[in-house]
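Below is one structure, written out as structure tokens; comments come after it.
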Amino acid sequence: MNHSKQVLVVDDSRVSRLMSHQFILSKHADWQVIEAATGEEALEKVKTVSPVLILLDVNMPGMGGVAAAEQLRVLCPQTHIILVTANVQNAIRNRASELGVGFMEKPITETRIHQLIESLGL
Amino acid sequence: MINLSELENDALVEIFNIGVGHAAAAMSEIVNEEVTMSVPSITFLNRADAAALLGSKKDGERICGVSQHYDGAFATEAILMFPEDKSLEIVRLMVGDAMPLQELTEMEQEAMSEIGNIILNSCVGTLANLFDSELHGSLPLYHVGTSAEILSSFGSRDDEAVVLMLHIDFVLSKHQIHGYVAFVLDLSALHDLKQQVSHYLAKVLGQA
């Protein structure tokens with residue numbers, strides 16, 4: 001049985017997914033990183049996987065990260081969901097807080113990813 | 001065109017200065033080295049003059065641009081521009097040396113869009129916070145062409161349309177890379193921006 005933790009990375013930018021993927025594995029090589037390019041795809045993925053952490057880009061085609069977070073929060077009540085965005089507006093931070101999800105500023109860096117994982121105690 | 005008092009003009013420069021400061025910090029994290037920036041200069045120009053200003057450094061230089069449309073507190077087209085021949089270098093700095101050149105080239109356009117998204121949102125998001133307001137951004141669009149071609153692809157085709165040109169030099173400590181940011185606003189949007197600046201001044205001067 002595989003006990004490695006799963007992380008779902010949701011971002012329409014392939015390069016951002018690639019970097020998140022790489023930085024997660026550089027801290028926990030045994031973790032499984034699953035990728036989705038849209039919010040809709042993320043909602044499909046969580047039917048079959050149980051991530052401990054979902055990194056969710058905000059500005060994506062389709063439903064967008066905030067709307068996806070709203071639904072993912074209900075579908076995955078135990079999962080840490082983090083909105084990842086360069087949009088530093090207070091309005092987005094407030095929305096994240098209302099939804100009970102976290103917030104991480106882009107650009108994605110190894111330090112930010114590692115600090116996030118540590119702060120969540122994962 | 002639009003009349004700003006000396007105080008309003010000063011506030012506008014300062015607000016963009018703060019926004020651009022955040023953008024520089026974001027850029028520095030992307031390329032993993034120090035990024036210094038010139039003091040932003042703000043000029044109101046018509047579109048033809050703005051294109052001429054950008055194009056004056058190297059005649060006919062091809063530029064890659066990433067644009068996002070914002071609306072809310074004021075409507076604007078924000079455009080980040082870099083010389084096209086530097087874009088692969090910037091992407092290489094972003095993803096590191098590990099990626100093979102062919103794969104890097106394949107994702108150059110997408111990576112530049114993401115870089116534009118990060119830098120423009122850092123700047124615009126900061127402006128929205130200072131204005132206690134919201135600005136909603138579209139997805140980034142990627143363009144390649146001369147500065148005139150890129151500028152003419154936004155909004156009104158009218159050469160007389162006003163462009164608020166915020167011109168900044170990004171200088172990477174190890175790589176001489178210059179970037180420019182431009183905000184295109186029409187007259188109605190300029191009026192909205194002026195109002196936001198007035199509210200900001202009232203707030204910071206304790207008159208709100």
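The figures here come from the full heavy-atom set of this structure, side chains too, leaving out hydrogens, waters and symmetry mates.
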Is it the case that the side chain of [X] and the backbone of [Y] share a donor-acceptor pair, with hydrogens and angles ignored and the cut-off at 3.5 Å?
X     : Y      : result
A:N59 : B:S138 : yes
A:N87 : B:N121 : no
A:Q89 : B:L135 : yes
A:N90 : B:D132 : no

*Hey, are B:E134 and A:R95 close enough for a salt bridge, meaning a charged N less than 4.0 Å from a carboxylate O?*
yes
Minimal non-hydrogen separation, [X] against [Y], with atom names:
X     : Y      : result
A:V15 : B:A111 : CG1-CA, 3.8 Å
A:S13 : B:E110 : C-OE2, 3.2 Å
B:A26 : A:P107 : O-CG, 3.5 Å

*With only heavy atoms counted, which part of B:M94 is less than 4.5 Å from chain A, the side chain, the backbone, both or neither?*
both
*Is chain A contacted by the side chain of B:E103, its backbone, both, or neither, given a heavy-atom distance below 4.5 Å?*
side chain
_Nearest 0.5 Å, please: how far is CG in B:L139 from CG in A:D12?_
6.5 Å
*In Å and rounded to the nearest 0.5 Å, what is the CD to CZ distance from B:E114 to A:R17?*
10.5 Å
*Side chain, backbone, both or neither: which part of A:I108 has an atom under 4.5 Å from a heavy atom of chain B?*
neither
*Who among A:R112, A:R14, A:K106 has the most heavy-atom pairs with chain B under 4.5 Å?*
A:R14
*Looking at B:M99, B:M27, B:H22, B:M107, which has the largest count of heavy-atom pairs under 4.5 Å with chain A?*
B:M107
